[in-house]
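Structure record follows, encoded as structure tokens.
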Amino acid sequence: MVLSAGKVVSVELEPTRERLGKTIGEKFPGAGEAAADRTGPGKTLREYSEGRILSEKDIAALPVDWDRISPFQLKVLRKTAKIPYGKTATYGEIAAEVGNPGAARAVGAALARNPWPVLVPCHRVIGKGGSLVGFGKGIAAKDALLKFEERNLRR
DNA sequence: AGAATGACGGACC
DNA sequence: AGGTCCGCCATTC
């Protein structure tokens, strides 16, 4: 996870120092790393990984730099943030909900550049009919995240 | 300004 | 089920 001016700028599923360094250096000069902070986004991400069921409120509470993204992507991310833990929505549904029915493909493009994967639960957006379509870290990772959430809900 | 680019979706085979 | 083709839409170069 990378913070810039106290706001979440990037989240890595399996961060390596090389990747973080690359992200920080190339995309967000001046940003700092907050992988293990005890409060704020780092804490939220850690709790998620430990199985805590995050609510929409938890996501909304993140000090996210909403200015860095386009108006359309902003709408898509906000709508995505409302998908309940363990539930899923389709690209087409998100498109319709942000007022651009038919822009399913564009929704995919917007989510593909989600600066805060996992925290803004883009892994809960799937293809119509339940197909898992793509995911930045791979279909397997997407599947794993959904299974992970199902398990936690059943506990 | 125009063309290329996808984490879509629907039609068809 | 799986593969191709094509129309869509926001973004990027």
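Proteins come first, then strands; the chains are lettered A, B, ... in the order of their sequence lines, and each starts at number 1. Heavy-atom basis, side chains included; hydrogens, waters and symmetry copies ignored.
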Taking any heavy-atom pair under 4.0 Å as a contact, classify A:Tyr91: base, sugar-phosphate, or nothing.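 Base contact.
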Taking any heavy-atom pair under 4.0 Å as a contact, classify A:Gly136: base, sugar-phosphate, or nothing. base
Between the main-chain N or O of A:Gly134 and the side-chain N or O of A:Lys142, is there a donor-acceptor pair closer than 3.5 Å? yes
Distance check needed: B:dA7 P versus A:Asp143 CG, whole Å only. 18 Å
Measure from CD1 on A:Ile94 to C1' on C:dC8 and round the result to the nearest Å.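 In whole Å, C:dC8 C1' lies 18 Å from A:Ile94 CD1.
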Answer yes when A:Lys82 and A:Glu97 have at least one side-chain N-carboxylate O distance shorter than 4.0 Å, and no when they do not. no
Side chain to side chain contact (heavy atoms under 4.5 Å, CB included) between A:Ile83 and A:Ile94, worked out: CA-CA 10 Å; A:Ile83 304 174; A:Ile94 299 290; 4.2 Å; yes
Between [options], which nucleotide has the shortest distance from any of its atoms to the side chain of [X]?
X: A:Lys128; options: B:dG10, B:dA7, C:dC9; answer: B:dG10
X: A:Ala106; options: C:dT12, C:dC9, B:dA7; answer: C:dC9
X: A:Ala104; options: C:dT11, B:dA7, B:dG9; answer: B:dG9

With respect to the phosphate group of B:dA7, does any side-chain polar atom (N or O) of A:Lys142 fall under 4.0 Å of OP1 or OP2?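 Looking at the OP1 and OP2 atoms of B:dA7, neither is under 4.0 Å from any side-chain N or O of A:Lys142.
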Would you check, one step at a time, whether the test side chain to side chain contact (heavy atoms under 4.5 Å, CB included) holds for A:Phe135 with A:Cys122? CA-CA 9 Å; A:Phe135 189 59; A:Cys122 59; 3.8 Å; yes
Per the atom types in the model, does the base of C:dC9 pair as donor or acceptor with the side chain of A:Arg105 at under 3.5 Å? no
